Amino acid sequence: MFDFLTHDMLAIIWFFLWCVIWGVYFIVDSFSLGAGLLVPFIATDKAQRMQIQSSVGPFWGGNEVWLILAAGGTFAAFPLVFSKMFTFLYLPMMLLLIGLIARGISIEYLHKDENPHIQKILMWGWFAGSLLISLVLGVAFANFFKGLEIASGGVYIGTLIGLFSPYALIGGVLFVLMSVTSGAFWINVKTEGAIAIKAGDLAKKSALIVLVLALVYLAYSFMGIEGFTTNYSAMPALYLLPGLAVVTAVLAVFFAKKDRIFPAFCSNLLAFLFVVESGLASIYPYMLKSSVSSEYGIDIFEAASSHMTLSVMLGGALVFVPIIIIYQLWAYTLFREKIKETDQVEY
Amino acid sequence: MIELLLLSRLQFAITAAFHFLFVPLTLGLALLVAVMETMYYRNKDETWRKMADFWGNIFKINFAIGLVSGITLTFQLGTNWGAYAEFMGDVFGPPLAMEALFAFFLEGTFLGAWIFLGHNRQKLKAFSMWMVALGTNISSLWILTANGFMQHPVGYEMAADGSKVVMTDFLALITNGYVWYMLIHTLLAAYLLTSFVVMGICAYHFLKGNNNEVFKKSFNIAVIIALATAVMLPVLGHGYAQYVTALQPTKGAAMDAIWETRSSVPMYLIQVPDSSTGSNSVQLLGIPGLASFLYTGSFSGTITGLNQLPQDELPPVEMIFWSFRLMTILGSLFIIVALLGLYLQKSGKLYTSKKYLKLLMWSIPLPYLTITAGWIVAEVGRQPWMVYGLLRTANGVSSVPTSDVLLSISLISAFYMVLLIFEIYLIKKTVVNATGVE
């Protein structure tokens with residue numbers, strides 16, 4: 001299969017797909033994560049909590065699978081990267097894991113018991129899980145863009161504290177706030193009543209903060225991160241990505257001001273997508289960039305699986321990803337009605 | 001290094017065993033609820049709707065933990081078994097990615113649809129549950145494809161430098177005989193477990209005097225499934241045992257603690273193996289040739305004994321021997337319990353047979369124990385190999401600080417304990433509150 005493609009070409013295609021899968025994950029999960037980040041602060045009673053829960057309930061599971069696909073795809077297409085990424089970042093990955101479990105259990109069990117204490121614990125569990133996921137991934141991706149401390153022979157010399165540079169922290173906060181904004185717009189779009197109004201007001205403010213922070217983050221990336229501009233100089237068309245990130249972040253603020261919430265929501269999603277892709281475009285051909293010296297980084301050609309594995313997977317992805325997108329979109333149209341405070345869902 | 005290896009193995013064992021507490025019931029209930037939803041769609045009998053809602057609730061609670069605890073295993077292949085991931089990525093990665101593409105997206109997307117669709121859109125609701133059931137069951141095919149390679153490597157070649165395996169034939173991976181033996185065995189065991197859970201919960205309500213149609217009908221379905229699977233499992237297991245013995249002589253010999261190579265090997269009803277002496281300290285009541293028949297298909301067949309196999313390739317014999325005994329003894333018990341249940345139900349004495357109903361209730365944990373024992377035979381039985389004959393477990397582990405593993409194992413175990421208690425509490429509440437079943 002795909003014999004007309006060389007091994008290097010397949011590796012490049014898979015790197016491209018890898019960037020796409022991560023991008024899709026970040027945008028589709030941003031509003032489920034955002035809903036969790038907001039629920040303790042904007043829901044005043046059980047009815048409002050249930051509105052928020054129902055707004056993401058049908059979708060969060062399907063959204064999270066994109067993350068699992070990103071992990072599984074890395075394992076299959078670039079096993080060396082999978083192994084190194086998870087081993088180097090052992091503790092952050094464990095935190096991410098705890099976050100994923102806490103988030104999933106909390107959403108599913110939030111109203112399975114009438115005890116208000118249990119509901120409170122689960123509400124904060126949902127929040128803490130969502131915070132861990134968005135923060136850890138934000139910090140991790142900033143570190144990928146900046147480069148990990150990989151020394152000669154693929155030996156990792158970084159420390160846990162070392163991962164929290166100012167750049168990585170801005171990245172972490174940016175991912176959290178982009179999710180908050182996305183979640184707030186989503187709740188406004190998907191619900192009716194007091195909670196929708198509150199979420200809409202909040203989204204307008206946070207969209208502005210996201211715009212400012214995204215500008216800071218991109219400026220820091222281009223001016224303060226070593227080697228970030230190399231690919232951009234070689235291929236100036238790439239500047240479209242950060243350009244679009246800024247434009248869409250501006251559009252999110254603009255549409256929000258005009259109370260056109262759905263376009264604002266989409267713009268915010270695109271801003272998130274383009275921020276992530278701007279960073280990913282800078283690291284090619286490395287998947288794990290080294291901040292010690294570029295020659296120690298792990299590149300896609302070294303990490304790629306065999307020709308056969310890459311082609312089998314490409315075949316699988318080409319057939320199934322479109323089908324998945326179709327039925328996921330169908331699921332969104334299935335639950336397009338706004339959720340009212342009086343709606344009772346047997347969740 | 002030993003400590004790191006031990007802790008990493010312990011962590012994987014704990015998380016895999018925990019995950020598999022939830023998987024079998026998910027596999028079985030998904031199909032059962034899909035059937036109930038379909039029956040309700042077809043004949044609008046309210047009993048079917050009540051059944052789908054009640055068992056669906058238990059399914060939801062159970063599925064949630066099964067879903068989140070599965071991610072832990074994928075993560076650990078990178079965090080704790082990085083060397084294995086590098087060695088096996090070419091072969092192990094594709095089934096894992098296919099599992100996400102074929103199965104997880106179906107489960108994740110349609111589970112949300114099924115939960116949030118009301119019975120006023122019954123056709124879509126039933127369809128969604130079928131998609132969830134399809135997803136969960138296909139998921140086991142892919143994960144067992146990956147596991148099957150670890151048990152019996154096929155369709156690969158070693159890289160020129162011996163550093164990793166390279167896939168040469170994807171079709172061979174999926175048509176691996178080991179995969180299909182394991183798949184059918186695992187699915188049947190999952191359906192058996194589900195039927196025993198259903199029967200146990202029904203028994204609880206019969207004892208309380210809640211003899212409503214929901215539980216009666218549920219029991220009648222479950223008892224048939226219980227009997228069918230309980231009978232099929234040993235039949236299949238017989239073929240499976242022969243197949244395993246041919247491929248993994250160490251596992252086969254350890255299952256019955258056969259130390260010396262000989263023909264016409266008897267099976268001893270009472271036997272205590274002792275690996276320190278390389279013999280059995282007790283062996284009584286031998287049935288002539290039975291072990292030979294079980295493992296080779298002929299009463300006079302020759303079995304290679306553990307003492308004649310490479311000594312540095314032996315798995316922990318006692319653990320496998322006792323787990324295997326536990327699995328087969330409980331497996332036989334299930335046939336008797338199911339037969340008795342069918343008899344009592346047919347003769348109309350079921351709802352008054354207090355002793356039998358109590359037995360059913362207390363039997364709920366037994367299939368869980370049996371399945372865990374089965375996995376111990378399968379997975380501990382391939383030790384010291386992580387990939388049989390190709391990669392030793394000791395060489396698959398990540399070089400991470402032992403303190404990190406200690407921290408993560410404590411954190412995850414404590415977290416899992418809380419989840420387990422909470423899950424049991426929720427399921428118990430759901431069961432107890434369902435007296436009227438609305």
Side-chain angles (χ1 to χ4, degrees), chain A residues 54 57-69 71-80 82-87 89-91 93-94 96-98 100-105 107-109 112-113 118 305-306 308-309 312-313 316-317 319-321 324 327-328 331 334-335 345-347, chain B residues 53 60-61 64-65 67-69 71-72 74-75 77-79 82-83 85-86 88-94 96-102 104-113 115-117 124 164 166-170 398-401 404-405 407-408 411-412 415 419 422 425-426 429-430:
Chain A
S54 302
F59 313 112
W60 80 269
N63 294 349
E64 193 179 277
V65 181
W66 287 96
L67 176 70
I68 298 170
L69 181 65
T74 314
F75 196 172
F78 305 102
L80 188 63
F82 177 81
S83 148
K84 296 294 183 200
M85 182 165 94
F86 279 78
T87 311
L89 304 178
Y90 189 93
L91 289 178
M93 287 301 175
M94 287 299 161
L96 177 61
L97 186 62
I98 298 280
L100 288 169
I101 297 174
R103 189 264 292 254
I105 291 298
I107 299 185
E108 292 298 318
Y109 288 177
K112 286 247 186 292
D113 193 280
I118 291 183
S305 289
S306 66
M308 168 161 278
T309 295
V312 167
M313 297 263 308
V319 173
F320 276 90
V321 169
I324 290 161
Y327 67 64
Q328 288 208 329
L334 202 56
F335 301 101
V345 185
E346 173 72 25
Y347 195 6
Chain B
D53 283 349
K60 275 187 257 180
I61 297 168
I65 298 198
L67 175 85
V68 294
S69 61
I71 306 171
T72 315
T74 311
F75 269 48
L77 290 174
T79 51
E86 282 170 41
M88 277 280 282
D90 211 61
V91 168
F92 198 96
L96 212 61
M98 296 292 185
E99 192 183 15
L101 282 173
F102 276 74
F104 292 159
F105 276 112
L106 273 182
E107 289 176 56
T109 310
F110 285 97
L111 180 74
I115 291 175
F116 283 88
L117 281 167
L124 269 181
K164 58 177 183 180
V166 179
M167 183 161 74
T168 55
D169 186 354
F170 184 65
S398 295
S399 52
V400 288
D404 283 10
V405 184
L407 181 67
S408 63
L411 206 63
I412 292 175
F415 199 47
L419 288 184
F422 193 47
Y425 163 77
L426 284 180
K429 211 189 80 167
T430 309

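These figures come from a predicted structure and were not determined experimentally. In what follows, every chain begins at residue 1, and chains take the letters A, B, ... in the order their sequences are listed.
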Legend entry - Interface moiety of B/L117 toward chain A, non-hydrogen atoms closer than 4.5 Å: both

Legend entry - B/T430 portion near chain A, given a 4.5 angstrom heavy-atom threshold: neither

Legend entry - Working for salt bridge (charged side-chain N to carboxylate O under 4.0 Å, His left out), residues B/D90 and B/K164: CA-CA 8 Å; B/D90 211 61; B/K164 58 177 183 180; 5.5 Å; no

Inset, instruction - For A/S83, check side-chain contact (heavy atoms from CB on, under 4.5 Å) against everything at least two apart and list the hits. - result: A/T87, B/A85, B/E86

Legend entry - Heavy-atom proximity to chain A below 4.5 Å, by part of B/M98: side chain

Legend entry - Atom pair CZ (B/F102) and CZ (A/F320), whose distance is rounded to the nearest 0.5 Å: 3.5 Å

Inset, instruction - Return the option, out of B/T79, B/V68, B/L111, B/T109, with the maximum number of heavy-atom pairs under 4.5 Å with chain A. - result: B/T79

Legend entry - Verdict with supporting geometry, A/L334 and B/F116, side-chain contact (heavy atoms from CB on, under 4.5 Å): CA-CA 10 Å; A/L334 202 56; B/F116 283 88; over 6 Å; no

Inset, instruction - Taking B/S408 for its side chain and B/V405 for its backbone only, find out whether a donor-acceptor pair lies under 3.5 Å. - result: yes

Inset, instruction - Name the region of B/F105, side chain, backbone, both or neither, that has any atom closer than 4.5 Å to a heavy atom of chain A. - result: both

Legend entry - Donor-acceptor under 3.5 Å (A/Y327 side chain, B/L106 main chain): yes

Inset, instruction - Give the member of A/M308, A/K84, A/R103 that has the highest number of heavy-atom pairs under 4.5 Å with chain B. - result: A/M308

Legend entry - Interchain contact, B/L67 with chain A, by part (heavy-atom threshold 4.5 Å): side chain

Legend entry - B/L426 portion near chain A, given a 4.5 angstrom heavy-atom threshold: side chain

Legend entry - Any side-chain donor near an acceptor of the partner, B/S69 and B/T72, under 3.5 Å: no

Legend entry - Contact origin within A/A102 toward chain B - heavy atom pairs under 4.5 Å: both

Legend entry - Parallel, tilted or perpendicular: rings of B/F422 and B/Y425 (30°, 60°): parallel

Inset, instruction - Name the option with the most non-hydrogen atom pairs under 4.5 Å to chain B; the candidates are A/L80, A/L91, A/I68. - result: A/L91

Inset, instruction - Name the region of A/M93, side chain, backbone, both or neither, that has any atom closer than 4.5 Å to a heavy atom of chain B. - result: both

Inset, instruction - Tell me, out of B/I61, B/I65, B/L124, B/L77, who's got the most heavy-atom pairs with chain A below 4.5 Å. - result: B/I61

Inset, instruction - Say whether, by atom type as modelled, one donor and one acceptor occur between the side chain of B/K60 and the main chain of A/E108 under 3.5 angstrom. - result: no

Inset, instruction - Answer with side chain, backbone, both or neither: which region of A/L89 has an atom nearer than 4.5 Å to a non-hydrogen atom of chain B? - result: neither

Legend entry - Side chain / backbone / both / neither for A/L100 at chain B, heavy atoms under 4.5 Å: both

